[in-house]
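Here the structure comes first, spelled out in structure tokens, and everything after it is commentary.
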Amino acid sequence: MSAVSDRLPTFPWDKLEPYKKTAAAHPDGIVDLSVGTPVDPVPELIQKALIDAADSPGYPTVWGTPALRDAITSWVERRLGARGVTHRHVLPIVGSKELVAWLPTQLGLGPGDRVAYPRLAYPTYEVGARLARAEYEVYDDPTELDPRGLKLLWLNSPSNPTGKVLSQQELTRIVAWAREHGVLLFSDECYLELGWEADPVSVLHPDVNGGSYDGIVAVHSLSKRSNLAGYRAAFLAGDPAVLGPLLEIRKHGGMMTSAPTQAAVVAALGDDEHVRVQRGRYAARRTALRQALQAHGFRIEHSEASLYLWATRDESCWATVAHLAELGILVAPGDFYGEAGARHVRVAFTATDDRVEAAVRRLA
């Protein structure tokens, strides 16, 4: 087992423990703005769907129920502007992180194959490549990569951690380049419904892909939009030639979403109102924290979408983490997401209204 675990970097969040203890010692308690886990209630209609499906003694299918596939295809067309999406174009997954971590392995990648992802990025893209023993590299503009041996290209818009959004023109250019060079493109769009100063576009939109899903797959999650991080609910949509073999592999591996969760996802994707309500909560928290950080001397960069503020005081990210910990506020150091983040911190606005108000008072 050590041969596998030795391929992996140190789990970054372990490095934050001393600062978490400092923040927790604040007389009014910690304000944890580090991980970005949802804290608001699961909408009642989703809870009800889960409860109604609780008597599910049999094995669920990896491909999901027909009702689930209908819900996904309907949402992809309604919300993302995709056209001609059938059941063959979609695949439920057990939360998006497991897909990111195991995709290179499931694609059969290994030594000599290359995986590329943004210079500032979710650490699990690298972890997935390491698990498969593939090579990995970062980019500023993916079209400047050497396409030889490049088997998997990750996009992430809106970005975690920066909140940066790729424009429709940029996406169109990158999709065309990937197709020209035979590079499989996976677009992590888990924050797409959380645009604030930009309107994120999916690679599934016909203006981006020209009406074809060849060589492209989008990754979507219900963790943030519907507060379902605890349910492990996500899905893929895109090229059937990619999703078909993944489905067969996942059948053999037993990678199936539970039956009650499948029912909950049907309810969640069929309702837009709870997303509007949750967006309103996040918008208010974002505004309050942004103003407080700026007044405290921070500069906010990008952050036009997602659930994070990408902030800097032009110092080491760990100096900033230590400073805020003394105020009882815990944030994520930017170098968790790559060396280019060494002078930034990622500030999540997923805490409760009460805790956000506490952070604002302390920053003042």
Fill in the blank from the handout: Here the salt bridge (Lys or Arg N to Asp or Glu O under 4.0 Å) pairs for residues 282-303, sequence neighbours left out, are D40-R285, E197-R286, E197-R290, R285-D353, R299-E301, R299-D314
Exercise for the section: Might you confirm whether atom CD of E17 has over 12 heavy atoms from other residues, nucleotides or ligands at distances under 6.0 Å? Expected result: yes
Problem - W75/F235 under ring pair (Phe, Tyr, Trp, His ring centres under 6.0 Å): CA gap, chis, key distance, verdict - result: CA-CA 11 Å; W75 183 85; F235 61 88; 5.8 Å; yes
Practice task
Just jot down the side-chain hydrogen bond (donor to acceptor under 3.5 Å, both in side chains) partners of E180, sequence neighbours excluded, or say none.
Solution key: none
Problem - Under 3.5 Å side-chain donor-acceptor pair for Q262 and T257 - result: no
Fill in the blank from the handout: Between A23 and I329, the two heavy atoms sitting closest are CB-N, 4.1 Å
Problem - A49: side-chain contact (heavy atoms from CB on, under 4.5 Å) partners, not counting sequence neighbours - result: A267
Exercise for the section: State, to 0.1 Å, how close G163 and S306 come at their nearest heavy-atom pair, and which atoms those are. Expected result: CA-OG, 3.6 Å
Handout entry: Sequence-distant partners of D70, side-chain contact (heavy atoms from CB on, under 4.5 Å), two or more places apart
Key = H87
Problem - Pair H302, S159: side-chain N/O donor-acceptor within cut-off below 3.5 Å - result: no
Practice task
Just jot down the side-chain hydrogen bond (donor to acceptor under 3.5 Å, both in side chains) partners of D146, sequence neighbours excluded, or say none.
Solution key: R148
Problem - Heavy atoms from other residues, nucleotides or ligands near CZ of R88 exceed 12 (cutoff 6.0 Å) - result: no
Problem - Main-chain N/O of P158 paired with N156 side-chain donor or acceptor, under 3.5 Å - result: yes
Exercise for the section: Let me see the working for R114 and E137 under side chain to side chain contact (heavy atoms under 4.5 Å, CB included), right down to the final yes or no. Expected result: CA-CA 7 Å; R114 291 164 48 234; E137 61 187 289; 2.6 Å; yes
Exercise for the section: Mark yes or no for whether R83, through its side chain, and G81, through its backbone, hold a donor-acceptor pair below 3.5 Å. Expected result: yes
Practice task
Would you check if the side chain of T312 reaches a backbone N or O of R343 as a donor-acceptor pair within less than 3.5 Å?
Solution key: yes
Completion exercise
Contacts of R179 meeting side-chain hydrogen bond (donor to acceptor under 3.5 Å, both in side chains) (sequence neighbours excluded), chain-then-number -> none
Fill in the blank from the handout: Residue pairs passing the salt bridge (Lys or Arg N to Asp or Glu O under 4.0 Å) test with at least one member in residues 212-236, sequence neighbours excluded, are E193-R225
Practice task
Can you see which heavy atom on L145 is nearest to which on A116, and at what distance?
Solution key: CD1-CB, 3.6 Å
Handout entry: Sequence-distant partners of A82, side-chain contact (heavy atoms from CB on, under 4.5 Å), two or more places apart
Key = V76, V85, L204, Y213
Exercise for the section: Please list, chain by chain and in numerical order, all residues satisfying side-chain contact (heavy atoms from CB on, under 4.5 Å) with S157, sequence neighbours excluded. Expected result: V165, L166
Practice task
Report, as yes or no, whether the 6.0 Å neighbourhood of atom CZ on R133 holds more than 12 heavy atoms from other residues, nucleotides or ligands.
Solution key: no
Exercise for the section: Compare every heavy atom of T65 with every heavy atom of T61, then report the nearest pair and how far apart it is. Expected result: OG1-N, 4.1 Å
Exercise for the section: Measure from NZ or CZ of R69 to the centre of the six-membered ring of W63, then state whether that distance is under 6.0 Å and the direction lies within 45° of the axis. Expected result: yes
Problem - Pairs meeting criterion side-chain hydrogen bond (donor to acceptor under 3.5 Å, both in side chains) with involvement of residues 234-248, two or more places apart - result: E248-K251
Problem - Validation row: E126, V138 side chains within 4.5 angstrom (heavy atoms) - result: no
Problem - Heavy-atom closest contact (L120 atom, A340 atom, distance) - result: CD2-C, 3.8 Å
Exercise for the section: Indicate yes or no: at least one non-hydrogen side-chain atom of Y136 is less than 4.5 angstrom from one of W154. Expected result: no
Handout entry: Short side-chain donor-acceptor distance under 3.5 Å, H323 and T320
Key = no
Problem - Minimum-distance pair of heavy atoms, taken over all atoms of P200 and G195 - result: CD-CA, 3.9 Å
Exercise for the section: Answer yes if the side chains of Y337 and R346 hold a donor-acceptor pair under 3.5 Å, and no otherwise. Expected result: yes
Practice task
Answer yes if the side chains of Y139 and R119 hold a donor-acceptor pair under 3.5 Å, and no otherwise.
Solution key: no
Practice task
May I ask you to test the L80-V201 pair for a side-chain heavy-atom distance under 4.5 Å?
Solution key: no
Problem - cation_pi(R250, W102) dist<6.0 Å, angle<=45 - result: no
Problem - R78/D272 salt bridge by N-O under 4.0 Å criterion - result: yes
Exercise for the section: Not counting sequence neighbours, list each pair that qualifies as a salt bridge (Lys or Arg N to Asp or Glu O under 4.0 Å) and has a residue in residues 157-177. Expected result: D141-R173
Completion exercise
Residue set satisfying side-chain hydrogen bond (donor to acceptor under 3.5 Å, both in side chains) with D188, at least two apart, ordered chain then number -> Y125
Problem - side chain to side chain contact (heavy atoms under 4.5 Å, CB included) assessment of L246 paired with V242 - result: CA-CA 7 Å; L246 284 179; V242 177; 4.2 Å; yes
